[in-house]
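Right, one structure below, let's go through it.
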Amino acid sequence: MTPTPVLELKNISKRFGGLQALKNVTFDLYPGETHALVGENGAGKSTLMRILSGVYSDYEGEYILDGEPTLLRSPADAQARGIGMIHQELSVLPELSVAENVFLGRQPLTPWGSIDWSKMYRIADEELGHLGFEINVKRPLEDYSLGIQQVVEVLRVILSGARVLIMDEPTSALSPAEVERLIELISTLRQQQRSIIYISHFLEEVMRVADRITVLRDGQKVDTLKQEDTSVDHLISLILGREVNATLPSATEHEDKQTLLEVRDLCSDAFNHIDLVVGAGEVLGLYGAVGAGHFDVARALFGMYRVDGGVIILDGHEFPQRFSASYAIKRGVAYATESRRKSLMLEEANYRNITLPHLGRIARIVPNRKREVDIAEPAMQMVNVQPPDPHNAVGKLSGGNQQKVAIARWITFPPKLFVVSEPTRGMDVGAKNEVLGILRNFRNDGFGVLVVSSEPETVLAVADRIIIMSRGQIVSELENQGNLDKDALMRLL
Ligand SMILES: Nc1ncnc2c1ncn2[C@@H]1O[C@H](COP(=O)(O)OP(=O)(O)OP(=O)(O)O)[C@@H](O)[C@H]1O
Ligand SMILES: [Mg+2]
């Protein structure tokens, strides 16, 4: 006897104004199953999950929960029916203790109506133990890594009664070791007969966790496959619907590489004694686990992280001890942060987000909308922002397309030095290559690029040299001439 699916979606269609985000999509999920959902940026994955979790109720098609046609009216409604969403931007409160976060809003009470702290600590401790984590639940959550914070969020969703857990790109901000722990956690959840929907652009990971995989393309379902009947390459061809050209523009040799950036003995509360050099026409990779301090070094080069000592010299000019982001831009530094939410104005149009750092150059006195659009449009085309309308608000783009806008900013007026943290986070296989290709072209044109990342694949793909940071210190420096692999980098952390 085949078991009844926990949920079934039949012929789901969803429009946003003139845009057909989903068309006749069918999807089902069985108890104890991990069902992965993959597809290009903008394929409709998050939209489908928002329907599943009660965010959107205006769609066509049928939603069948435990065999019954259902209309969920809100996320709270979905939660009450056992469907929980793990948000990528975690909804934890870092200053509160681990235990308080586990129970957020549902703290156990004593018969007298006050919070039952000892019960709360005990249950949080036991439940985390069941999931394989030994953590001091009285300590503030912010003392723990992002990976642990995510585990706490998972536990909270489970304790609120979730049988179905939706994870939308859960690993994109985790270090490799944390990804391993999440994969173990998923297998524990599966043994508890919970069902998981797993969205990711990391197809190796998908092949490890999923029982079945559904591929979406342009809002339509391409296929649902059993894990054992497919492979990473097969998935890529289904996702893109064409062959992918994975080769980057080749790296041209530069005669006498001039030093562009020199950093000496840079110190702050997050890193110490950082010495590094980026040549004109060179990509330097700065690699470390999440929390190693490498992202803060990037911020410091843009005047956004307070340093206590050290020297930054760009193109022969020494920066003052304190400087602003606009000073850094004037000197020729561009910076794209790892968190797109922080760098984009989600309510504003794409073109405005792209021209923002350059307004002084484009229109000295009054903003000139037409010029801005003329500048933004080709930049959007170069990174293939979909849909390509410059007047669209950035907030309406899919996650990966928002990231492309953040990169497109720096194409028209290339800086001398481009500092970019997690350049391909959240991007699909095709878009990753496009962006890495753009960085390679910056380099070939003689600019300097500093790629800061916790994804070994990213630095290995584009960097000429790789500096590895651990606990705020540089621990090694390697030439990257095709002789390194992921394991080699991770061993040095
Ligand atoms: N609130 C919205 N208003 C208008 N259009 C939207 C809205 N949300 C999503 N879209 C559009 O619907 C399409 C599907 O977006 P969705 O976020 O589901 O993609 P995704 O598969 O999750 O992509 P990604 O991998 O980049 O996260 C995209 O074209 C997107 O621009
Ligand atoms: Mg998405």
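Counting convention: from 1, in listed order, for ligands and their atoms alike. Heavy-atom basis, side chains included; hydrogens, waters and symmetry copies ignored. For reference, positions follow the sequence shown, starting with 1. Note that the structure is a prediction, hence the values are computed from the model and not measured.
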* **Proximity of Leu216 to ligand 1 by residue part, where a heavy atom lies under 4.0 Å** => neither
* Asked: Quick check: does Gly42 get an N/O under 3.5 Å from an N/O on ligand 1?
  -> yes
* To do: Run the contact test for Met49 against ligand 1 with a 4.0 Å cut-off on heavy atoms, strictly below, and give the result.
  => no
* **Asn41: numbered ligand 1 atoms lying under 4.0 Å from its heavy atoms** => 23 (O), 24 (P), 25 (O), 26 (O)
* To do: Examine all N, O or S atoms of Ser46, backbone included, and report whether one is under 2.8 Å from the Mg ion (ligand 2).
  => yes
* Classify the angle between the aromatic ring planes of Phe442 and Phe447 as parallel (below 30°), tilted (30 to 60°) or perpendicular (above 60°). => perpendicular
* **Nitrogen or oxygen atoms of Gly400 and ligand 1 under 3.5 Å apart** => yes
* To do: Please examine the side chains of His234 and Asp223, heavy atoms only from C-beta on, and report whether any two atoms are closer than 4.5 Å.
  => no
* To do: Select the closest option to atom 6 (C) of ligand 1 among Gln20, Arg50, Gln386, Lys396, judged by heavy-atom distance.
  => Lys396
* Asked: Which of the numbered atoms in ligand 1 are below 4.0 angstrom from a heavy atom of Leu397?
  -> 31 (O)
* Cut-off 3.5 Å, side chains only: do Glu422 and Ser453 have a donor facing an acceptor? -> yes
* Structure fact -> For Gly44, the ligand 1 atoms with a heavy-atom partner under 4.0 Å come out as 14 (C), 18 (O), 19 (O), 20 (P), 21 (O)
* Kindly check if the number of other-residue, nucleotide or ligand heavy atoms within 6.0 Å of CZ (Arg15) is above 12? => yes
* Asked: Which heavy atom of the protein is the closest neighbour of atom 18 (O) of ligand 1, given with residue, atom name and distance?
  -> Thr47 OG1, 2.6 Å
* Take atom CD in Glu347; do more than 12 heavy atoms of anything else shown fall under 6.0 Å from it? -> no
* Report, in ascending order of atom number, the atoms of ligand 1 lying under 4.0 Å from any heavy atom of Ser46. => 17 (O), 18 (O), 20 (P), 22 (O)
* **For atom 25 (O) of ligand 1, the protein heavy atom that lies nearest, with its residue and separation** => Lys45 NZ, 2.8 Å
* Starting from atom 9 (C) of ligand 1, which protein heavy atom do you reach first, and at what distance in Å? -> Phe16 CE1, 3.5 Å
* Heavy-atom gap Gly39 to ligand 1 smaller than 4.0 Å -> no
* **pair Gln220-Asn24: side-chain heavy atoms closer than 4.5 Å** => no
* Asked: Mind checking whether Phe413 and His358 have parallel, tilted or perpendicular rings, split at 30° and 60°?
  -> tilted
* Shortest protein heavy-atom distance from atom 17 (O) of ligand 1, along with the residue and atom involved -> Ser398 CB, 3.5 Å
* Asked: Are side-chain N/O atoms of His35 and Thr224 paired as donor and acceptor at under 3.5 Å?
  -> no
* Please confirm whether His201 comes under 4.0 Å of ligand 1, counting heavy atoms of the residue only. => yes
* Measure the spacing between CD1 of Ile51 and CD of Glu60 and express it to the nearest 0.5 Å. => 10.0 Å
* **Location of contacts on Glu40 toward ligand 1, heavy atoms closer than 4.0 Å** => backbone
* With heavy atoms of Ala43 as the reference, note each atom of ligand 1 found under 4.0 Å away. => 19 (O), 21 (O)
* Asked: Starting from atom 29 (O) of ligand 1, which protein heavy atom do you reach first, and at what distance in Å?
  -> Leu19 CD2, 3.8 Å
* When you measure from atom 27 (O) of ligand 1 to every protein heavy atom, which one gives the shortest distance, and what is it? -> Gly399 N, 3.5 Å
